[in-house]
Chemist: 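The structure follows.
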Amino acid sequence: MQILSTPQELAAQCRAWRAAGESISLVPTMGYYHAGHESLMERGRALAQRMVVSLFVNPTQFGPGEDLAAYPRDLERDAAIARKHGADVLFVPEPQSMYAPDHATWVEVPELAKNLCGLSRPVHFRGVCTVVLKLFLLTGADVAVFGEKDWQQQAIIRRMVRDLNVPVRIETCPTGRETDGLALSSRNVYMTPEERAQAPEIRRGLLHARTLAEKGETSAALLREAVLGHWAEHLPLGRLDYLSVVHPESLEPLEGIAGPALMACAVRLGKARLLDNILLHP
Ligand code: AMP
């Protein structure tokens, strides 16, 4: 596995692979790997002859006052994990090499970024789209792999790819979880033991909504109330960022769940802001 740190080196290596007729998969990450990232690498490895894993704590997707400086990092361990999963390149750029001081070009999908995480993180998806499109252009990847834990992110990237005719296929992997159901996240390390003990209730609340939906409840408002009730009882340390029922592709809020529906949430537990989501079946 090569560790490359400049966009020029990455582009040259990928150009050589494409010239040799080799297919390329891309797994974009911010590092501090857990088993969720590893499942994406496994998938990326199986989907193409060459795999690029990128590790970049992208400054433009963090707003003022967010955890850019505190974001956990461990390059040595991450490199060993990427190597173990068969990455051909681990791309670890410096921010200066990705963004010129007078960088002025942005890619946005405002229609899909206005709800859910976009409400409390107004510049987040603009930063994500811009850096992910850069990675698509540098690698010319045939396929890129994202996680369903960040549902809104993959929905926005799918839309960007479709709207801009980017010749890359988007694949998603199910959310990797701790045995108690908590969605794996690099940010889970921010929690105190007390917060960590309550964190699985996020998922249990969503599962409660799914059970009610399966029993026939179709009102998004009532399903939401049920989850908030569960959290009020079992997750007293949690502070709600949002809990919404939306269409899984358009991300438009739904009043009822006659068809495809996604319940998505962000909950703050101490310093951690934790995401989860669940598909509801009527
Ligand atoms: P991150 O490093 O957190 O920016 O995430 C990099 C990629 O891993 C994104 O596509 C995420 O959706 C995905 N990912 C993060 N957490 C999980 C998880 N628990 N299960 C599956 N994929 C995940």
Side-chain angles (χ1 to χ4, degrees), residues 25-45 47 51-63 66-68 70-75 77-79 81-82 85 87 90-93 95 98 112 116-117 121 124-136 139 141 143-161 168-191 196 199-200 202-203 206 248 251 262 264-267 272-279:
S25 62
L26 169 69
V27 182
T29 77
M30 298 204 300
Y32 213 68
Y33 294 144
H34 50 64
H37 294 114
E38 293 186 69
S39 72
L40 270 57
M41 294 179 206
E42 283 288 298
R43 178 80 74 85
R45 184 60 283 171
L47 287 171
M51 175 164 71
V52 174
V53 175
S54 65
L55 193 175
F56 182 48
V57 183
N58 172 34
T60 65
Q61 68 190 66
F62 289 78
E66 291 185 355
D67 58 342
L68 173 61
Y71 199 83
R73 295 163 214 243
D74 189 343
L75 178 57
R77 178 174 170 274
D78 285 351
I81 291 171
H85 288 285
L90 183 65
F91 178 54
V92 192
M98 292 295 278
L112 296 194
L116 310 178
C117 288
R121 305 190 75 191
H124 174 67
F125 290 112
R126 180 184 85 160
V128 169
C129 286
T130 302
V131 81
V132 169
L133 184 61
K134 283 166 172 276
L135 293 168
F136 289 165
T139 57
V143 57
V145 189
F146 295 85
E148 286 176 5
K149 193 198 59 130
D150 301 272
W151 188 280
Q152 186 175 19
Q153 169 170 278
Q154 60 82 33
I156 288 176
I157 286 164
R158 283 178 193 278
R159 185 69 66 89
M160 172 185 82
V161 160
V168 63
R169 192 170 90 244
I170 304 302
E171 292 273 337
T172 48
C173 289
T175 301
R177 298 181 180 280
E178 301 282 5
T179 46
D180 59 14
L182 173 65
L184 294 166
S185 166
S186 307
R187 291 182 164 107
N188 288 351
V189 296
Y190 295 157
M191 283 184 278
R196 174 64 187 83
I202 297 174
R203 166 77 168 165
L206 299 181
L251 307 181
L262 179 86
C265 68
V267 174
R273 180 174 171 281
L274 306 175
L275 306 186
D276 209 340
N277 61 72
I278 196 165
L279 285 166

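When a ligand or atom number is given, it counts from 1 through the structure's own listing order. Numbers here are sequence positions counted from 1. These figures come from a predicted structure and were not determined experimentally.
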Chemist: So if I only count non-hydrogen atoms and take anything under 4.0 Å from ligand 1, which residues does that give, chain by chain?
Modeler: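 Heavy-atom contacts below 4.0 Å: Pro28, Thr29, Met30, Gly31, His34, Gly36, His37, Leu40, Tyr71, Phe146, Gly147, Lys149, Asp150, Gln153, Pro174, Thr175, Gly176, Leu184.
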
Chemist: Is there a side-chain contact between Phe146 and Val132 (heavy atoms, below 4.5 Å)?
Modeler: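 In contact.
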
Chemist: Kindly indicate whether the side chain of Arg196, heavy atoms from C-beta on, has any atom under 4.5 Å from the side chain of Leu182.
Modeler: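 Answer yes - side chains close enough.
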
Chemist: Who passes side chain to side chain contact (heavy atoms under 4.5 Å, CB included) against His124, sequence neighbours left out?
Modeler: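 Gln61, Arg121, Val128.
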
Chemist: Suppose we screen for side chain to side chain contact (heavy atoms under 4.5 Å, CB included). Which residues come up paired with Arg158, at least two apart in sequence or across chains?
Modeler: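 Checked Arg158 against side chain to side chain contact (heavy atoms under 4.5 Å, CB included); matches are Gln154, Ile170, Thr172.
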
Chemist: Does Asp276 use its side chain to pair, donor to acceptor, with the backbone of Lys149 at less than 3.5 Å?
Modeler: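 Not confirmed, Asp276 side chain does not pair with Lys149 backbone.
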
Chemist: My understanding is that only residues two or more places apart in sequence, or in another chain, count here; which of them pass salt bridge (charged side-chain N to carboxylate O under 4.0 Å, His left out) with Arg273?
Modeler: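 Per chain and number, Arg273 pairs via salt bridge (charged side-chain N to carboxylate O under 4.0 Å, His left out) with Asp241.
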
